[in-house]
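Predicted model only: the values in this text are computed from it and were never measured.
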Amino acid sequence: MEYESVVLVKQEVFVYKIPPRQSNRGYRAADWNLSEPTWTGRLRMVSKGKTLALKLEDKNSGALFANCPIESYPGVAIESVSDSSRYFVLRIQDDNGRNAFIGLGFGDRSDSFDLNVALQDHFKWVKNEEQIEKEKEEPKQQLDLSFKEGETIKINMKITKKDGSEAASRPGGAKKAGGLGLLPPPPGGARIAPPPSNASPSHQPAAGTGGQTEWGEFTSAGSKPPQATTPSKTNANWVQF
């Protein structure tokens, strides 16, 4: 159920009988007999839902003198005159739907300013309400975030250390040990054991019968095995660390 609410009240307004409009240049308050208003009374602007009306009433009894339904503003229901900001032309309507045009005036410019603001605020609210209702009725479009055929996405990722600095990427993912990169062995290749770290001449096999037997396996018949030579003093000094 909608209730009627009062939007604006002005205790004194003036009503004038106006001549018919002679051209499209608009109404002029100077053409009215401003010193002799036809009626003086109170103005009330009331709203009921989205409808709005200006009611001209007797100041003492509250009896209705004229009613002006307003469908839009600016519009034909209420128009400003071309030569003053204090006067308007109203299209009043009786209970039988018959229309007539009268002049409306205020004694102070602030009263006419309040009337303009109240009209603009009401129809701005009506426009917002209509937009909200329209959005409720219209189905909302669903966003399609799925990948289309052949569509790819590229993501750049950065690795950040605990101290906030960016970690440098290492190509190939090779791990570092002692500052040197260890490369994997070639496919199908045999692993080569590293040489002993503390090699000395004392670990070399002594020349003797055992050595001749081993060399004999690699020599042909009639050949002599290589003779073991005693390293010279100079070489011995070089070998020993």
Quick one: are Glu12 and Lys59 in side-chain contact, heavy atoms under 4.5 Å?
-> yes
Near Lys124 NZ, under 6.0 Å, is it more than 12 heavy atoms from other residues, nucleotides or ligands?
-> no
What distance separates Glu4 CD from Lys55 NZ, expressed to the nearest 0.5 Å?
-> 6.0 Å
Shortest non-hydrogen contact from Tyr27 to Arg21?
-> CE1-NH2, 2.8 Å
Set of side chain to side chain contact (heavy atoms under 4.5 Å, CB included) partners for Ala100, sequence neighbours left out = Ile92
Is it true that Ile18 and Ile102 fall in one hydrophobic cluster, defined by side-chain heavy atoms closer than 4.5 Å?
-> no
Closest heavy-atom pair and its distance - Asp58, Ser61 = OD2-N, 2.9 Å
Look up atom NZ in Lys134 and atom CD in Gln131, then write down how far apart they are to the nearest 0.5 Å.
-> 6.0 Å
Quick one: pull up CG in Leu34 and OH in Tyr16 and give me the separation to the nearest 0.5 Å.
-> 5.0 Å
Indicate yes or no: at least one non-hydrogen side-chain atom of Val13 is less than 4.5 angstrom from one of Phe88.
-> no
Output yes when a side-chain donor or acceptor of Arg86 lies under 3.5 Å from a complementary backbone atom of Arg109, and no otherwise.
-> no
By side chain to side chain contact (heavy atoms under 4.5 Å, CB included), Lys48 pairs with (sequence neighbours left out) Glu2, Thr51
For the side chain of Ser112 and the backbone of Ser85, is there at least one donor-acceptor N/O pair under 3.5 Å apart?
-> yes
Heavy-atom nearest pair, Ala53 first then Asn67, reads CB-OD1, 3.7 Å
Calculate, to the nearest 0.5 Å, the distance between atoms CD1 and CE belonging to Ile78 and Met45 respectively.
-> 6.5 Å
Taking all non-hydrogen atoms of both residues into account, name the closest pair between Ala77 and Pro69 and its distance.
-> CB-O, 3.4 Å
Could you tell me whether the side chain of Tyr73 reaches within less than 4.5 Å of the side chain of Asn116, counting heavy atoms only?
-> yes
Only one of Asp114, Asp121, Leu115 passes side chain to side chain contact (heavy atoms under 4.5 Å, CB included) with Val117, and that residue is Asp121
Does Asp31 use its side chain to pair, donor to acceptor, with the backbone of Pro19 at less than 3.5 Å?
-> no
Any chance you could measure Ser82, atom OG, to Tyr87, atom OH, to the nearest 0.5 Å?
-> 13.5 Å
Do Leu90 and Leu119 share a hydrophobic cluster (ILVMFWY, side-chain heavy atoms under 4.5 Å, transitive)?
-> yes
Partner residues of Asn96 under the side chain to side chain contact (heavy atoms under 4.5 Å, CB included) criterion, sequence neighbours left out | Asp94, Arg98
From CZ (Phe14) to OG1 (Thr40), nearest 0.5 Å = 5.5 Å
Could you walk me through whether Trp125 and Lys50 pass the side chain to side chain contact (heavy atoms under 4.5 Å, CB included) check?
-> CA-CA 9 Å; Trp125 172 81; Lys50 297 180 181 180; 4.2 Å; yes
Sorted by chain and number, sequence neighbours left out, side chain to side chain contact (heavy atoms under 4.5 Å, CB included) with Phe65 holds for Val15, Trp39, Leu56
By salt bridge (charged side-chain N to carboxylate O under 4.0 Å, His left out) - contacts of Arg42 (at least two apart) = Glu57
Fellow cluster residues of Val9, listed by chain then number, with links counted only when side-chain atoms sit under 4.5 Å apart = Val6, Val46
Would you check if Leu43 and Asp111 make a side-chain contact, meaning some heavy-atom pair closer than 4.5 Å?
-> no
Exercise: identify the closest heavy-atom pair between His122 and Ser47 = CE1-CB, 4.0 Å
